[in-house]
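Have a look at the structure below, then the notes.
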Amino acid sequence: MAEEIKKQEIKIEIDEQTANGSYSNLALITHSQTEFIIDFIFVQPQNGKAKVKNRIITSPLHAKKFLQALQDNIAKYEMRFGQIKNSETSIQEQSKFYN
């Protein structure tokens with residue numbers, strides 16, 4: 001008889017400040033042998049500096065699982081809304097502030 005593997009249910013809570021989120025238009029990724037570090041940054045046009053808004057430190061296994069989940073979600077998004085353009089020109093034009 002094969003034993004049935006029980007899936008553990010995780011109850012996730014989120015406080016109001018975290019639920020509001022923060023916007024990022026740049027991510028820098030570095031790694032060591034044991035961890036990946038992802039810095040999420042908001043770069044304001046016409047401003048010479050930017051600040052790290054969030055830093056995520058995770059294991060290589062979780063980084064790979066995150067990559068797979070992100071790829072899956074992007075594929076679903078593109079099936080529903082169309083292909084996401086990946087050109088620097090369009091990104092710069094979309095984030096341009098006008099005076």
Side-chain angles (χ1 to χ4, degrees):
M1 294 178 78
E3 286 188 34
E4 188 176 320
I5 299 174
K6 293 182 181 179
K7 291 188 177 184
Q8 182 179 2
E9 184 177 313
I10 300 173
K11 294 185 180 184
I12 299 172
E13 296 180 6
I14 188 167
D15 61 62
E16 188 175 340
Q17 182 177 358
T18 304
N20 286 331
S22 61
Y23 180 77
S24 171
N25 56 9
L26 177 66
L28 299 178
I29 304 171
T30 57
H31 67 276
S32 69
Q33 183 178 0
T34 58
E35 56 200 19
F36 277 75
I37 300 170
I38 308 165
D39 288 330
F40 292 94
I41 301 161
F42 174 55
V43 179
Q44 294 182 13
Q46 304 170 347
N47 192 346
K49 62 181 183 177
K51 195 173 202 176
V52 173
K53 294 294 199 173
N54 293 290
R55 171 174 278 183
I56 304 298
I57 303 168
T58 191
S59 70
L61 175 60
H62 283 104
K64 190 166 189 174
K65 286 182 177 185
F66 177 74
L67 171 64
Q68 292 166 342
L70 189 57
Q71 287 174 325
D72 180 55
N73 275 270
I74 288 172
K76 289 174 182 175
Y77 175 96
E78 290 183 329
M79 284 179 61
R80 183 171 180 187
F81 300 109
Q83 186 174 1
I84 300 169
K85 294 179 183 176
N86 191 18
S87 70
E88 286 299 315
T89 305
S90 66
I91 292 169
Q92 289 172 351
E93 287 300 314
Q94 290 174 8
S95 64
K96 193 178 281 185
F97 283 85
Y98 298 96
N99 292 329

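Residues Phe40 and Ile56 are in side-chain contact: their nearest non-hydrogen atoms beyond the backbone lie under 4.5 Å apart. For the pair Leu67/Gln71, a side-chain contact is recorded, criterion being any heavy-atom separation below 4.5 Å from C-beta on. No side-chain heavy atom of Ser59 sits under 4.5 Å from any side-chain heavy atom of Phe36. Counting only heavy atoms from C-beta outward, the side chains of Asn25 and Phe42 approach each other to under 4.5 Å.
Put simply, the side chain of Asn73 gets close to the backbone of Ala69: a donor and an acceptor are under 3.5 Å apart. In this structure, Asp39 contributes its side chain and Arg55 its backbone to no donor-acceptor pair below 3.5 Å.
Heavy-atom neighbours of Gln83 CD from other residues, nucleotides or ligands within 6.0 Å: at or below the threshold of 12.
Summarising the hydrophobic clusters (Ile, Leu, Val, Met, Phe, Trp, Tyr; side-chain heavy atoms under 4.5 Å, direct or chained), the residues clustered with Ile37 are Ile57.
For the atom pair CG (Asn20) and CD (Glu16), the distance works out to 5.5 Å, reported to the nearest 0.5 Å. The structure places CD of Gln46 at 10.0 Å from CD of Gln44, a figure rounded to the nearest 0.5 Å.
The two atoms that bring Ala50 and Val43 nearest to each other are CB-CG2, 3.9 Å, heavy atoms only. A pairwise comparison of heavy atoms in Ile38 and Ala27 identifies CG2-CB, 4.4 Å as the closest pair. In terms of heavy atoms, Ile74 sits closest to Ile84 at CG2-CD1, 4.1 Å.
Checking Ser22 against Asn54 by side-chain atom types alone, a donor-acceptor pair falls below 3.5 Å.
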